[in-house]
Amino acid sequence: MEALRFQVVGEAFKKKPLDVKTPGTRPSEYFGSKVFNREKMYKYLPKDVYEKMVDVIDNGARLDRDVADAVAAGMKQWATENGVTHYTHWFQPLTEGTAEKHDSFIEHDGRSAQSDAYSSEASLKKGGMVEEFSGKLLVQQEPDASSFPSGGIRSTFEARGYSAWDPTSPVFIIDDTLCIPTVFISYSGEALDYKAPLLRALHAVNVAATDVCHYFDPSVKKVTSNLGWEQEYFLVDEGLYAARPDLLLTGRTLMGHDSAKNQQMDDHYFGAIPERVAAFMKELEIVALELGIPCKTRHNEVAPNQFELAPIFEETNLAVDHNMLLMSVMKRVARKHGFRVLLHEKPFAGINGSGKHNNWSLSTDNGVLLHAPGKNAEGRSADKDALARENLRFAVFITETLMGVYKHNGLLKASIMSATNAHRLGANEAPPAIISSFLGKQLSALLDHIENGEALDMEGKGHYKMDIPEIPELLIDNTDRNRTSPFAFTGNRFEFRAVGSEANCASAMIALNSAVAEALVDFKKRVDQKISEYSEYSEYSEGTGHTAKFHAIIDVLREDIKFCKPIRFDGNGYSDEWVAEAEKRGLDVEKSCPKIFERYLDAESIQMFESLGVMTQKELEARNEVKWETYTKKIQIEARVLGDLSMNHIIPVATRYQTQLLQNISNMAVIFPIDTADKLSARNKKIIEEIAERTSAIEKGVEELVEARKKANKIGDEHQKAIAYHDTVEPYLDDIRYQIDKLELIVDDALWPLPKYRELLFIR
């Protein structure tokens with residue numbers, strides 16, 4: 001292995017950036033070229049079919065079979081003109097990845113794809129093929145569901161599952177295949193994926209938010225949930241990656257001492273992008289733009305060999321699809337450039353992990369951001385009453401978002417928790433595993449004023465003029481940023497920073513949109529009740545300057561501001577004091593990943609999801625079974641890999657070096673007098689003793705690790721098994737690693753078998 005290490009290091013140093021050819025036009029001209037978007041629909045569909053499809057996408061109208069057939073014909077024409085020969089239903093099972101089964105367009109020339117029957121002219125057409133694609137094939141497929149995680153909803157021998165087209169997410173082309181975004185459900189109708197409950201959650205928040213918007217603007221017809229994700233990732237040379245079995249099999253390094261230089265200097269952050277990486281980024285962006293992913297930002301992140309890509313925000317369902325697609329595309333493009341992408345949240349100890357900050361907001365169909373304050377006289381609303389109304393609307397949606405987050409803070413933590421993200425949360429710049437919300441001084445003051453019955457006011461961006469003539473006046477946001485806050489307000493949206501880099505954003509978005517929808521439904525119910533009560537009294541009539549509706553909104557708003565106050569925290573989320581304070585406030589401070597998942601099955605969570613029609617109790621129970629089983633398997637794999645590396649790579653190398661030192665001591669005794677030999681060999685003897693102690697500790701740790709794993713494996717209940725793996729198996733990983741990392745410092749570098757951190761992180 002040591003020979004392999006130096007071979008791949010040498011090869012990595014020699015690699016040059018690939019030449020990436022652009023399509024020859026501006027990005028705006030090839031954006032979406034591989035997507036069947038509205039432009040393509042307008043071109044390839046009859047006008048009436050196009051209009052019906054727009055109604056389906058924008059307004060949720062019913063999709064008729066004849067419309068589906070016409071759409072399929074247009075899609076097929078466009079696809080074949082682009083060299084497509086196959087199609088697939090592209091869905092997101094509970095594996096955290098995507099799935100697809102490719103079928104070709106071809107059929108026997110005597111067979112009809114419309115009916116799956118042979119035509120009366122079959123005898124006249126023998127031995128030939130035709131290309132067909134019907135509405136039936138577009139709308140529905142039957143992928144085998146037996147091997148996808150179902151949490152007990154489906155038995156292995158019950159294979160049937162259905163995928164159904166999601167018209168709101170455009171079809172796209174990858175290589176020679178037409179990819180159709182779909183939901184994935186069981187034979188009995190339960191969701192087996194992330195998209196189905198996400199669509200239900202988005203519908204719920206749309207209905208609830210639209211109803212509340214009518215208090216302020218009756219013309220609002222629809223509220224859209226928006227998402228802008230920020231994808232962080234590491235790049236490692238593929239040769240170095242292949243020489244690290246732990247990276248290959250688990251996605252993270254299970255051992256490895258800090259490099260003498262890691263990220264202490266912060267010199268990588270926003271630094272010049274290395275040439276090989278820049279070439280990779282260039283090609284990745286070209287492919288992503290062709291697929292309609294609106295890439296906007298790219299830069300070096302804080303840790304060495306860590307980077308980030310972020311798009312312009314989109315409607316949440318589409319943004320989730322685009323993120324899942326991008327992660328797949330990243331891996332393909334990276335291999336072409338001699339890299340491997342690491343999406344694990346914490347691939348390297350001691351430096352920043354990778355997150356996927358979810359910037360979330362709500363907006364109306366007439367262009368109003370519901371989490372943005374009203375504009376002052378320099379902005380849109382010069383009218384004082386209109387400004388007050390906008391600020392009241394803003395305060396309502398901020399508060400009800402906080403209400404949802406407060407009531408379900410444990411559930412939101414569960415939605416972003418995983419065996420991999422648990423390594424990242426609370427480490428370096430990642431937020432802690434306690435859900436709280438940073439609002440900033442200005443917004444906190446606004447809510448306090450409303451709670452205390454003071455004037456409703458909210459300023460827009462301030463101004464800051466530097467005493468440097470060449471530098472223009474800066475616009476200052478109405479909040480600072482808090483890097484330790486899991487759910488921070490950032491001016492016109494909330495940033496859910498706790499989401500992990502390899503996670504499906506849908507998990508967090510299902511929980512968040514559902515929680516906010518429930519809060520808005522409850523808010524409207526209580527406001528309507530108070531309006532009914534206040535309308536009976538003359539002091540709330542129109543003549544007093546404020547309506548019963550205004551007083552009802554203010555009163556309920558004050559109740560909610562006070563109720564959800566414990567979720568607001570603007571301080572240091574890393575401090576020990578905050579953990580104690582959060583527990584006093586009633587926030588979920590549980591650290592055990594398997595126990596955190598239990599929040600999905602709290603009575604409040606089940607009631608919320610079922611009342612909104614997002615998920616049933618059966619679906620929630622099944623998903624938790626999957627979560628517990630997935631957690632167990634990840635720790636199990638890591639334990640097996642670490643045991644193998646320890647016994648078959650690390651200990652043999654350490655004892656080989658020990659033998660060399662023993663031989664050196666023997667040689668000293670032959671050449672020098674005994675006193676001189678002892679003096680000259682003192683350091684070697686010390687190292688020999690340390691190697692013996694540490695290898696013995698490693699061997700003992702591996703033996704105990706294996707026994708703990710065997711004992712945990714006998715537990716039949718997936719929940720209890722996951723807890724056992726967390727409590728009795730996982731701690732050995734850190735204990736064994738500690739001993740190995742100490743050995744790395746004393747064993748001859750020429751013998752060490754695995755690429756070290758300095759090579760993994762600094763060879764670009």
Side-chain angles (χ1 to χ4, degrees), residues 1-7 9 240 243-247 250 252-262 264 348-351 423 638-710 728-762:
M1 281 292 290
E2 63 267 23
L4 175 60
R5 173 191 162 201
F6 289 107
Q7 177 186 339
V9 166
L240 298 171
R244 289 287 307 221
D246 49 356
L247 271 181
T250 73
R252 76 179 181 108
T253 53
L254 299 176
M255 60 190 72
H257 199 280
D258 287 351
S259 169
K261 179 182 184 296
N262 274 334
Q264 303 97 315
F348 304 103
I351 60 174
H423 293 290
E638 290 187 351
R640 288 173 174 171
V641 171
L642 183 60
D644 171 57
L645 288 175
S646 298
M647 302 305 294
N648 297 315
H649 296 266
I650 303 303
I651 289 180
V653 166
T655 53
R656 191 191 316 170
Y657 182 53
Q658 195 178 44
T659 300
Q660 291 179 2
L661 295 178
L662 286 168
Q663 184 61 51
N664 180 268
I665 291 173
S666 297
N667 293 340
M668 289 288 188
V670 171
I671 298 172
F672 298 102
I674 188 65
D675 291 344
T676 304
D678 286 344
K679 183 177 180 181
L680 294 174
S681 301
R683 179 178 179 276
N684 286 352
K685 289 179 180 179
K686 184 178 179 182
I687 294 175
I688 289 170
E689 290 177 3
E690 184 175 352
I691 289 175
E693 291 172 358
R694 297 199 183 281
T695 54
S696 176
I698 292 169
E699 189 170 3
K700 182 175 181 290
V702 170
E703 290 174 357
E704 293 176 353
L705 171 64
V706 171
E707 288 304 312
R709 203 173 72 233
K710 287 180 179 179
T728 67
V729 176
E730 189 174 14
Y732 283 108
L733 300 181
D734 289 335
D735 293 343
I736 295 169
R737 175 183 186 141
Y738 174 80
Q739 300 296 339
I740 294 174
D741 289 356
K742 290 298 184 181
L743 282 179
E744 184 183 323
L745 293 177
I746 61 175
V747 171
D748 186 352
D749 182 66
L751 295 179
W752 196 256
L754 306 177
K756 297 186 175 183
Y757 270 26
R758 66 171 181 260
E759 295 152 358
L760 293 167
L761 294 172
F762 290 96

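It should be emphasised that the depicted structure is a prediction, and the values quoted were computed from it without experimental measurement.
For the pair Ile736 and Ser646, the minimum side-chain heavy-atom distance is below 4.5 Å. Side-chain contact between Met255 and Leu642 is present, with at least one heavy-atom pair separated by less than 4.5 Å.
Taking each heavy atom of Val729 and Ala639 in turn, the nearest pair found is CG1-CB, 4.3 Å. Taking all atoms of both residues into account, the shortest heavy-atom contact from Tyr738 to Arg694 is CE2-NH1, 4.0 Å. Between Met647 and Glu699, the shortest heavy-atom distance links the atoms CE-CG, 3.9 Å. Tyr757 approaches Ala349 most closely through the heavy-atom pair OH-N, 3.0 Å. The minimum heavy-atom distance linking Arg656 with Leu751 is given by the pair NH1-CD2, 3.9 Å. Residues Leu743 and Ala654 share a closest heavy-atom pair of CD1-CB, 4.1 Å.
Rounded to the nearest 0.5 Å, atoms OH (Tyr657) and CG (Asn684) are 6.5 Å apart. Between the NZ atom of Lys756 and the OG1 atom of Thr253 there is a distance of 14.0 Å, given to the nearest 0.5 Å.
With salt bridges taken as basic N to acidic carboxylate O contacts below 4.0 Å, one links Asp749 and Arg5. Here Arg252 pairs with Glu638 in a salt bridge; the nearest charged N to carboxylate O distance falls below 4.0 Å. At a threshold of 4.0 Å, the pair Glu689-Lys685 does not count as salt-bridged, since none of the basic side-chain nitrogens sits closer than that to a carboxylate oxygen.
Side-chain atoms of Gln663 and Asn667 form a donor-acceptor pair, as typed in the model, at a separation below 3.5 Å.
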